[in-house]
Structure formats: structure tokens, C-alpha cells
2 protein chains.
Amino acid sequence: MKRTSLAGDSCPVARALDVFGDWWSLLIIRDASLGRRRFGEFQTSLGLAKNILTTRLRALVERGILKTVPASDGSAYQEYVLTPKGHGIFPILVALRQWTEEFDEHPDEIATIMVDRDKGKPVKKLALLSQDGRVLDAADTTLKPRPGRKTARHRVTA
Amino acid sequence: MKRTSLAGDSCPVARALDVFGDWWSLLIIRDASLGRRRFGEFQTSLGLAKNILTTRLRALVERGILKTVPASDGSAYQEYVLTPKGHGIFPILVALRQWTEEFDEHPDEIATIMVDRDKGKPVKKLALLSQDGRVLDAADTTLKPRPGRKTARHRVTA
DNA sequence: TCCAATTGGTTGCATTATTAAACTTCGTTG
DNA sequence: CAACGAAGTTTAATAATGCAACCAATTGGA
């Protein structure tokens, strides 16, 4: 009964979730984007079982989100750092953060705000723009078949 | 030894994942944002087991992402539609989509592109802006303690 | 009106994933 | 070189997932 894989899905949302859509991966990526690099740092920060951290780190490395590098402090251990593909997840973390900031019922429990490093002022909400610069919400968008695509050889969900 | 909950976490990313960070919820929300409303629509679209769909729909209703409404076609069944809180997840879906579009190794398997309804042209990438209008990436941002917060009474991960 | 199919579930069981804790292995430190 | 810590691995219990079969209510059709 294996957990169903979304890898061959034709929906880009599903394909992303297949890569880091489990319970821990995004939190590991968040930690990595905050500068944490060592196995032990992730483990104590997240409080997850070590065997699970092992499998998650391995999967993220295999999928090109993280890469292992020799430890920055000269020790013989290795560290895990984001690849460019991993850094590309940053907007997703921002979107998750902003959703909580806007809709969470206990916003007083949120510890941090995101500010721009220069001025120290809160960042603005992520904006989706059309090519001519209009701000779009869900109702202003549609999905079209991707140009230059034959027939659906894969699962078509969206 | 229950699966660890992220509900009381002080990190807004973790709090969001606690609400819809499991394997299926975001796909249900995606489907809902595409206009699917009926139990059967979700089930055949996603291909997940019905008992799991049941528990997921219930959890999403309970958490204020979906609400049940009488069926739009006059039948006695009910339908599941997004609440405002659920609609607020849209930017997260867009961010996931754009990440796949940019980094997936088989972009030819992606079925659709997002366009603005008016002109039919692809939307632009989500942009994170500072209050004075500069485009920010991860390196241009930092986290600061949220103003007006006492001490960490909750798990502090970020 | 009566019956068959559809909808929207529920139940039970097999399989897989997650967890905590004990154990191993190697690198570092005194 | 002995003890300690970092980074895993292994093991066993518990929880979540998937599948299939079942079921009640609703609906559509003859």
C-alpha cells in the first residue's frame, strides 16, 4: 500500500510536494536557510528522531535540494547546505509565513517577523503580477495547457 | 509516541505546515481552488482512498480552510468550498508551481501554465519587495523578534 | 412507483511510516 | 590513550496510510 508517489504527476504543485511535501522536509529547508548546517543542529532544532533526519537529509541531497560539503570549521564532519535549487524554495517559505501571519488565530505565538536587512522594516506581501503590472488574485488567473506539449502521457490532475 | 504536532510552535512556517502540511491537504486545496467541490470529484481527481479523503476534509473544515455548503445543483448532498482563510493559501500554490517550473528536471511533463484571465499571458514570478520597493531575495532578509512579545512560552525554533 | 446505480461515506485488515531508545562507529579532546 | 561527543544505525512499539469490501441515503430511469 506504499505511500502514493506524486512524481509522475503533471501538476507542478504535486511535483513540488513530491520533492519536499512531507512532514519534515520543509522545516529542514527552513533551518538550512537560517544557516543551520550540521546534523546535530537540525536534530536539536527540530526535535525529530535521528533516523528520520537521516533519511530526510539523504532524500533532499538525492533530489538536489541540499548538498554535503566538508565542515566549515575544519573538522572532519560534513555539513548540509542548500543548492541553488534549494534556495529557490525561499518564496515558498515566505508564502507559508505570510499565510500564518494573516490567518493564524493566535498570532501572538509567532516569534519572528521578516524584515529587509538594509532598513530593518517588515517586508511586503508577496505579490502576483501580470506582465503588464496588474496585481492578480486567484480569480484573475486561469490555467492553460502548456504550449508545445503532445498528449497527456502522465497522470493529469490539473 | 504520536506524530509530533507543530501546532504550538513559534515559527510561522511550522504553524502553517501543522494546518495543511501533510501529504494530501494541499492537493485538496489546489483542487478546491480549481473549482472542485464534491467528495467524488476530489476522490477521482486525486486517486486517494476514501477514508483518508474523509479525514482530510474533516480536518480542513475543522481548521477553517474549507466549509460545507448545500450542493449548488439543488441535490441533497453537500459541497466543500474554500473559506477566505483557504483562499489565502493561493500564493503558496503559486510559489510551489513556480518552483517546479524553474527547477524541475522534466518540465516537459508539466501540463499547465498559469495565465492572467484578461490577457491570457503567463503571470510573472512572485516578488518579495521591501517597503521602499526593492526586490528582495533570501540574503536580503533577516528575522527579527516580533514586537510586543513577552518571553518564549512556546517551542522556539525560529 | 419501484428498482438500480451513484454518492458519500464507514469498517477491517495489511502494509508502511514515525517514534524513542539503545547501540555502533568514528572523530575529537583532555 | 581514554573518555567524550557527533553522526548515524538498529530495534521494537505505535501511529498513519492504503485497499477493498460493505452500507445507507439519494438519485435517475423505466
query: Can you find a side chain N or O atom of Trp24(A) that sits less than 4.0 Å from OP1 or OP2 on dT19(C)?
result: yes
From CD1 of Ile28(B) across to P of dT17(D) the rounded distance in Å is 11 Å
* Side-chain N or O of Arg3(B) closer than 4.0 Å to phosphate OP1/OP2 of dT14(D) -> no
message: Would a single hydrophobic cluster contain both Leu129(B) and Trp99(A), if residues Ile, Leu, Val, Met, Phe, Trp and Tyr are joined by side-chain heavy-atom contacts under 4.5 Å?
response: no
Whether each nucleotide of nucleotides 1-11 of chain C has a protein heavy atom under 4.0 Å at its base (B), only at its sugar-phosphate (S) or at neither (-) is summarised, 5' to 3', as -----BBBBBB
Rounded to whole Å, CG of Leu48(A) lies from P of dG8(D) at a distance of 13 Å
Here the distance between atom P of dG27(C) and atom CG of Asp73(A), to the nearest Å, is 15 Å
With sequence neighbours left out, the residues meeting side-chain hydrogen bond (donor to acceptor under 3.5 Å, both in side chains) with Gln131(A) are none
When rounded to whole Å, the CD to C1' distance for the pair Gln43(A) and dA7(D) reads 10 Å
Contacts of Glu79(A) meeting side-chain hydrogen bond (donor to acceptor under 3.5 Å, both in side chains) (sequence neighbours excluded), chain-then-number -> Arg37(A), Ser72(A)
Hits for side chain to side chain contact (heavy atoms under 4.5 Å, CB included) against Arg134(B), two or more places apart or cross-chain, chain-then-number order -> Asp116(A), Asp118(A), Lys119(A), Ser130(B), Asp132(B), Leu136(B)
Considering every strand and a 4.0 Å limit on heavy-atom distances, what is the contact class for Ala49(B): base, sugar-phosphate, or nothing? base
Contacts of Asp22(A) and Ala76(A) projected onto DNA chain C by closest heavy atom; the upstream (5') one is Asp22(A)
Determine, using the 4.5 Å side-chain heavy-atom cutoff (strictly less than), whether Leu27(B) and Phe42(B) are members of one ILVMFWY cluster. yes
Closest to the 5' end of DNA chain C, once Ser75(A) and Thr55(A) are matched to their nearest nucleotides, is Thr55(A)
Applied to residues 61-75 of chain A, the salt bridge (Lys or Arg N to Asp or Glu O under 4.0 Å) test, sequence neighbours excluded, yields Arg38(A)-Asp73(A)
Those residues at least two apart in sequence (or on a different chain) that pass side chain to side chain contact (heavy atoms under 4.5 Å, CB included) with Ala49(B) are Asn51(B), Ile52(B)
Here the distance between atom C1' of dA7(D) and atom CD1 of Ile52(A), to the nearest Å, is 16 Å
inquiry  = Taking 4.0 Å as the cut-off, does a side-chain nitrogen or oxygen of Thr4(B) come that near to OP1 or OP2 on dT18(C)?
reply    = no
Whole-Å distance, Leu46(B) CG to dC19(D) P, equals 13 Å
